[in-house]
Amino acid sequence: MNMEKKNISRRSFLKAFGAGAVGTAAVMAGCKDASKAGEQAANEYKNQVEPPVGQMTYRENPKTKEKVSLLGYGMMRLPTKVDNSDEFDQEMINKQIDYALEHGLNYIDTSPVYCQGKSEHCTGIALSRHKRSEYFIATKLSNFNRDLWSFEKSKEMYLNSLKELQVDYIDYYLLHAVGGGMDEFKGRYVDNGILDFLLKEREAGRIRNLGFSFHGYKLVFDEVLAMQDKYHWDFVQIELNYLDWDYADEINNRNVDASYLYAELQKRGIPAVIMEPLLGGRLANMPQYLAKELKSRAPESSLASWAFRYAGTPKGVLTVLSGMTYMEHLKDNLLSYCPLVPLTDEEMEYLHGDIAYKIVGLENIPCNDCKYCMPCPYGIDIPAIFVHYNKCKNEGSLPMGIGDKEYRKHRRQYLISLDRAVPRDRQPDHCIQCGQCEPHCPQNIRIPRELNKIDEMIERLKRDPDGTGDAAKS
């Protein structure tokens, strides 16, 4: 690790951010049982106060001069019904959207591929009950598969978004997940003529702002951003948090440090929309010793609030997206953004130089629970397996075999908790290494390999109840 580079980057952060602000949020529960997850959220925030109305902090879109709420609603993880976790709870979605709009949130982000393809539909129902002037809707051209690269299929996806969202224009339209390679970018957007079509849609006012979301290689980001003179990107969505600011390339050599992405956008005056402020919950579900450290500094604040204050501080950030499955999460975020609470220089340095550095050393599987790898054709719940593994690793409860004085306890705890978190027919032993999931992972995780490693660990635990290794050798 080049610590001189990291120190310079942190100083650049303090200079670039200045006296900013922001807020709080709660990570979404990883529990698959809706009733248990809802109960967990309610218990965590049982003393939660009501956020004030009329206190939302806004950022100005430099092109349209419209005021955008710093908190954006990410519709990637919608609430499901208590008695059927496979069915989305439209009544609760409506209620939470109503509450969000009432408290000044006006940026709603979705995609044709979110929530098994149902997010746009559910979002459209909820928003159609409000005046069109009350919200900005963002959605994406998510033509990932090659059979969707044709002009006709891509145009069909765009027009279907308008239909599902029940709108006649889209405020923020994104080319989804740019970064895999320039050949892919040209195949998805340029060679088929769809980008030229979208430019005409922007001219006609049916798209108000056109941009792209980025996951991937620095060279691709640079080349696509260099097309600014031709395409005039109105905004770019990037991953920014206090871990990825300096350490994205340390965790995954395909990713790019947020410090670089943000600086390049700032040079061109392009506003940034922020995704993954919590890294899929990893910055709110950290090891207990780190959680205690943060809590000791701000006992009344959630762990997630540190990450949200951080992500919203830069002056070039237009909005920070958060997936809010439960009302408690929404209220926690609103409390932090209504209004902003600035990060001090000392707090920013603390997150950069202390907390982030310690998290990097954990060497977890860098899964953000985005579910882009799903559905698995063989029914494996890939994100749940990785989230469970990371949770146990962070808690120090992974059974380590010889030398682990609490091996038997840890072994039993891991196997029982795995069965509770992931049904047995969706566990890693069902992976046939087909590799269909891997190209869709924005974190470039070698998913089949990681599933195989976890499966081998599980098999060792089942054969070796005492941690001696004898059963595994027999």
Side-chain angles (χ1 to χ4, degrees), residues 27 29-33 35-37 39-40 43-44 251-252 279-293 295 303 357-369 373-374 376 378-435 437-438 441 443 445-474:
V27 65
C31 181
K32 294 299 176 182
D33 186 303
S35 60
K36 290 181 180 178
E39 183 180 348
Q40 177 183 338
N43 289 335
E44 184 177 357
I251 299 170
N252 185 335
L279 269 178
R282 289 163 61 198
L283 299 185
N285 284 313
M286 56 181 63
Q288 292 178 5
Y289 73 95
L290 288 180
K292 289 180 180 178
E293 187 175 333
K295 279 291 186 181
L303 297 180
Y357 182 78
K358 291 174 181 176
I359 292 175
V360 171
L362 294 174
E363 298 182 349
N364 287 351
I365 299 171
C367 175
N368 292 350
D369 195 23
C373 57
M374 299 293 284
C376 166
Y378 296 92
I380 301 167
D381 195 337
I382 300 166
I385 294 167
F386 290 162
V387 166
H388 175 263
Y389 175 86
N390 286 341
K391 180 177 183 293
C392 293
K393 185 175 178 64
N394 289 347
E395 292 174 348
S397 62
L398 274 182
M400 303 304 293
I402 297 174
D404 182 356
K405 296 180 180 180
E406 295 187 279
Y407 172 84
R408 293 176 65 89
K409 171 186 172 183
H410 290 159
R411 169 186 177 273
R412 182 175 183 275
Q413 179 178 322
Y414 183 87
L415 293 176
I416 291 176
S417 62
L418 175 65
D419 286 346
R420 288 175 177 171
V422 186
R424 291 199 175 186
D425 59 354
R426 306 193 70 184
Q427 291 185 11
D429 58 317
H430 290 269
C431 176
I432 68 164
Q433 304 287 300
C434 72
C437 52
E438 194 164 311
C441 179
Q443 302 302 319
I445 300 170
R446 296 179 65 180
I447 295 174
R449 184 185 71 172
E450 295 298 336
L451 288 174
N452 184 61
K453 287 165 60 177
I454 293 176
D455 180 45
E456 289 180 348
M457 181 190 75
I458 293 169
E459 288 304 309
R460 286 196 300 272
L461 296 179
K462 290 178 178 178
R463 297 196 305 265
D464 190 8
D466 299 313
T468 61
D470 294 338
K473 297 175 183 177
S474 62

### Task
Would you check, one step at a time, whether the test side-chain contact (heavy atoms from CB on, under 4.5 Å) holds for Glu293 with Lys358?
CA-CA 12 Å; Glu293 187 175 333; Lys358 291 174 181 176; 3.2 Å; yes
### Heavy-atom check, side chain of Leu283 versus side chain of Leu303, under 4.5 Å
no
### Task
Taking salt bridge (charged side-chain N to carboxylate O under 4.0 Å, His left out) as the test, write out the residues that go with Lys295, two or more places apart.
none
### Task
List for me each residue that meets side-chain hydrogen bond (donor to acceptor under 3.5 Å, both in side chains) alongside Arg408, sequence neighbours excluded, and say none if there are none.
Asp466
## Note on the structure
Tightest non-hydrogen contact, residues Gln427 and Val422, listed as NE2-O, 3.0 Å
### Query
Out of curiosity, Leu398 CG to Lys391 NZ, how far, rounded to the nearest 0.5 Å?
11.0 Å
### Task
State the NE2-CD1 distance between His430 and Ile385, to the nearest 0.5 angstrom.
9.5 Å
### Task
Spell out, as yes or no, whether a donor-acceptor pair under 3.5 Å connects the side chain of Arg426 to the backbone of Gly379.
yes
### Message
So, using salt bridge (charged side-chain N to carboxylate O under 4.0 Å, His left out) as the criterion, who are the partners of Asp419 when residues are at least two apart?
### Response
Arg424
### Message
Quick one, Cys373 and Pro383 - any side-chain contact, counting heavy atoms below 4.5 Å?
### Response
yes
### Message
According to ring-ring contact (aromatic ring centres under 6.0 Å, His included), who are the partners of Tyr389, at least two apart in sequence or on a separate chain?
### Response
none
### Query
Can you check whether Ala421's main-chain N or O pairs, donor with acceptor, with His388's side chain at less than 3.5 Å?
no
### Query
How far does SG of Cys367 sit from CZ of Arg282, to the nearest 0.5 angstrom?
8.5 Å
#### Entry: Derivation of the side-chain contact (heavy atoms from CB on, under 4.5 Å) call for Asp429 and Ile458
CA-CA 9 Å; Asp429 58 317; Ile458 293 169; over 6 Å; no
Using residues 446-454 as the side-chain source, report each donor-acceptor pair under 3.5 Å to any protein atom, sequence neighbours left out, with the distance given to one decimal.
| from | atom 1 | to | atom 2 | distance (Å) |
| --- | --- | --- | --- | --- |
| Asn452 | ND2 | Glu456 | OE2 | 3.3 |

### Summary
All heavy atoms of Arg463 vs all of Pro465, minimum pair found to be O-CD, 3.4 Å
### Message
Less than 4.5 Å apart, side chain to side chain, heavy atoms only: is that true for Cys434 and Tyr378?
### Response
yes
### For Ser397, all residues meeting side-chain contact (heavy atoms from CB on, under 4.5 Å), sequence neighbours excluded
Cys392, Glu395, His410, Gln413
### Query
How long is the span from the CG atom in Asn390 to the CG atom in Asp369, to the nearest 0.5 Å?
10.5 Å
### Val387 side chain reached by Asn285 side chain, heavy atoms, under 4.5 Å
no
### Message
I'd like to check the side-chain hydrogen bond (donor to acceptor under 3.5 Å, both in side chains) partners of Lys462; sequence neighbours left out, ordered by chain and number.
### Response
none
### Message
With heavy-atom distances below 4.5 Å as the criterion, would you say the side chains of Met374 and Ile382 are in contact?
### Response
yes
### Phe386 vs Asn368 side-chain heavy atoms within contact, under 4.5 Å
no
